[in-house]
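Presented below is the structure to which this report refers.
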Amino acid sequence: MISLAEARRHVVTRCSPRVPVPVALVDALGCVVAGAVLAPEAVPPFANSAMDGYAVRAADVSTAAPAAPVALEVVATLAAGAEATTAVGAGQAIRIMTGAPVPSGADAVVMVESTRGGPDATTVEILEAVALGRHVRAAASDIAPGQEVIAAGTLLGPAHLGVLASVGVRRPVVVPRPRLGVLSTGDELVDDDRPLRPGQIRESNRPTLVGLARSFGVDAVDLGTVPDDRDAIAEALTAAASSCDAVATSGGVSMGDFDLVKVVLAELADMAWMQVAIRPAKPFAFGVLDAIPVFGLPGNPVSSMVSLALLGVPGLRRLAGRADLDLPRIAAVAGPGLTRRPDGRTAYLRVACTWDRGRVRADPVAAQGSHHLAAAAGANGLAELPDGPGVEAGGEVTVVLLAPPS
Ligand code: AMP
Ligand code: MG
């Protein structure tokens, strides 16, 4: 057996970031920016009002108070989107809306709540003195032209997309999301609604793995089921490698007579077959076929999930150009004891993580067998238990998060 760290290293060193391409802004969410983005434009592009009110000269209203209003002549109205063509002279004001350009001559905005007048009035009474520059958003006060707005390697979140839009970058150059083809293998698998014949079961790994991969930001596609037949597996793998950036198979990498994925991968793809010192998901095969990484995940439903989370994700994140290769690991409090048998492996118990008085609490789901998919569906984390007896109730445990705690 080899350690998880060693297996992971094997995968990561054989996956490299995809070539960056320009993509439409909304499609760049969750992608890594290839190079630093410098702002071609200032934000805001001009000084504008932060309030609905009146653009004034602060000196004109320095004595204004509710008991001693200062009356100003209203010489224009400025809406957002309008061009400021009239200047504010001494004793004058311009009625101004949020986002409208501050006209020349004005150096502050009095909010409408501190005035008396009306939309059509030719004079306005200012009830409050205002500091120079008040409620004026200076040009370039958010972003100066030439400023680095996004650092190279940034994982784009929603506001980053907005920042790029705000400076007019419509198609940022990012590492595209990897497309992962998901195949399952097994003569026993039925993936339509036919009644099951003796020995058959329903295929369940593809929807699970496609869903899990998508939840991790990977563009996963369902490539169907292949029988336990060398030629069929070779053909399906080759086709998958020609249409995807990575391939994940499930089944056929164990010690059985018909575990042919590892046989075919060995022939086609410079495969490494590993016995990883983890439970579940001990068998794992990894090969590179026509420069495309192939993750040979074990067939047991829970094992395939664990294998994708611990060994698939680092490889897929590397393809996506990310520096943070692993799913987040947090320190949680064991609800009941998390017990396990010493067996030379690290155990990954499926746990439900919830917030409990400011900490995350981990409770094991009811059944921990590698075929107990129904129970595993209630888990959002994998409690990482080093070889040994486990963790007592209330003890600290590391949890790999598959989804945020609830
Ligand atoms: P294998 O790794 O191919 O030996 O499969 C291990 C176990 O997982 C067997 O009981 C299989 O029937 C089961 N299994 C394999 N692939 C799937 C699948 N796609 N959906 C449901 N069960 C599966
Ligand atoms: Mg099989």
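For reference, positions follow the sequence shown, starting with 1. Atoms within a ligand are numbered from 1 in the order they appear, just like the ligands themselves. All values below were derived from every heavy atom in this structure, side-chain atoms included, with hydrogens, water molecules and symmetry-related copies excluded. Not measured: the values here are computed from a predicted model.
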- Query: Considering only protein heavy atoms, which is closest to atom 17 (C) of ligand 1, and at what distance to one decimal place?
  - Reply: N205 ND2, 3.3 Å

- Query: Among all protein non-hydrogen atoms, which one is nearest to atom 20 (N) of ligand 1, and what is the separation to 0.1 Å?
  - Reply: S204 N, 3.0 Å

- For atom 10 (O) of ligand 1, find the nearest protein heavy atom and state the residue, atom name and distance (0.1 Å precision). N300 OD1, 4.2 Å

- For atom 5 (O) of ligand 1, find the nearest protein heavy atom and state the residue, atom name and distance (0.1 Å precision). G299 CA, 3.7 Å

- Numbered atoms and elements of ligand 1 in range of E188, under 4.0 angstrom, heavy atoms: 11 (C), 12 (O)

- Which of the atoms of ligand 1 are close to G252, meaning less than 4.0 Å from one of its heavy atoms? 1 (P), 2 (O), 3 (O)

- Task: Take atom CD of E128 as the centre, draw a 6.0 Å sphere, and report whether it contains more than 12 heavy atoms from other residues, nucleotides or ligands.
- Result: no

- Message: Please determine whether the number of non-hydrogen atoms from other residues, nucleotides or ligands lying under 6.0 Å from atom CZ of R134 exceeds 12.
- Response: no

- Message: Quick test of your reading of the model: are D343 and R341 salt-bridged, counting only N-O distances below 4.0 Å?
- Response: no

- Taking atom types as modelled, find out whether S184 and T225 have a side-chain donor-acceptor pair closer than 3.5 angstrom. yes

- What do you reckon, is CD of Q275 surrounded by more than 12 foreign heavy atoms closer than 6.0 Å? yes

- Message: What verdict does the salt bridge (Lys or Arg N to Asp or Glu O under 4.0 Å) test give for D52 and R95, after you've listed the backbone C-alpha separation in whole Å, the side-chain angles of each residue and the deciding distance to 0.1 Å?
- Response: CA-CA 8 Å; D52 297 319; R95 191 168 165 83; over 6 Å; no

- Task: With rounding to the nearest 0.5 Å, note down the distance linking CG in D228 to OG1 in T185.
- Result: 5.5 Å

- Query: Using 4.0 Å as the upper bound for N to carboxylate O, is an ion pair formed by R14 and D270?
  - Reply: no

- Message: Any heavy atom of G186 closer to ligand 1 than 4.0 angstrom?
- Response: no

- Message: Need the ligand 1 atom indices (1-based, order shown) with element for anything under 4.0 Å from a heavy-atom of E203.
- Response: 18 (C), 19 (N), 20 (N)

- Nearest-contact summary for atom 22 (N) of ligand 1 - protein heavy atom, Å: I201 CD1, 3.4 Å

- Could you see which bit of V253 sits under 4.0 Å from ligand 1, with heavy atoms only: side chain, backbone, both or neither? neither

- Note on the structure: Per-atom filter on ligand 1: closer than 4.0 angstrom to a heavy atom of D259 are 3 (O), 4 (O)

- Going by the atom numbers of ligand 1, which of them fall below 4.0 Å from some non-hydrogen atom of R202? 21 (C)

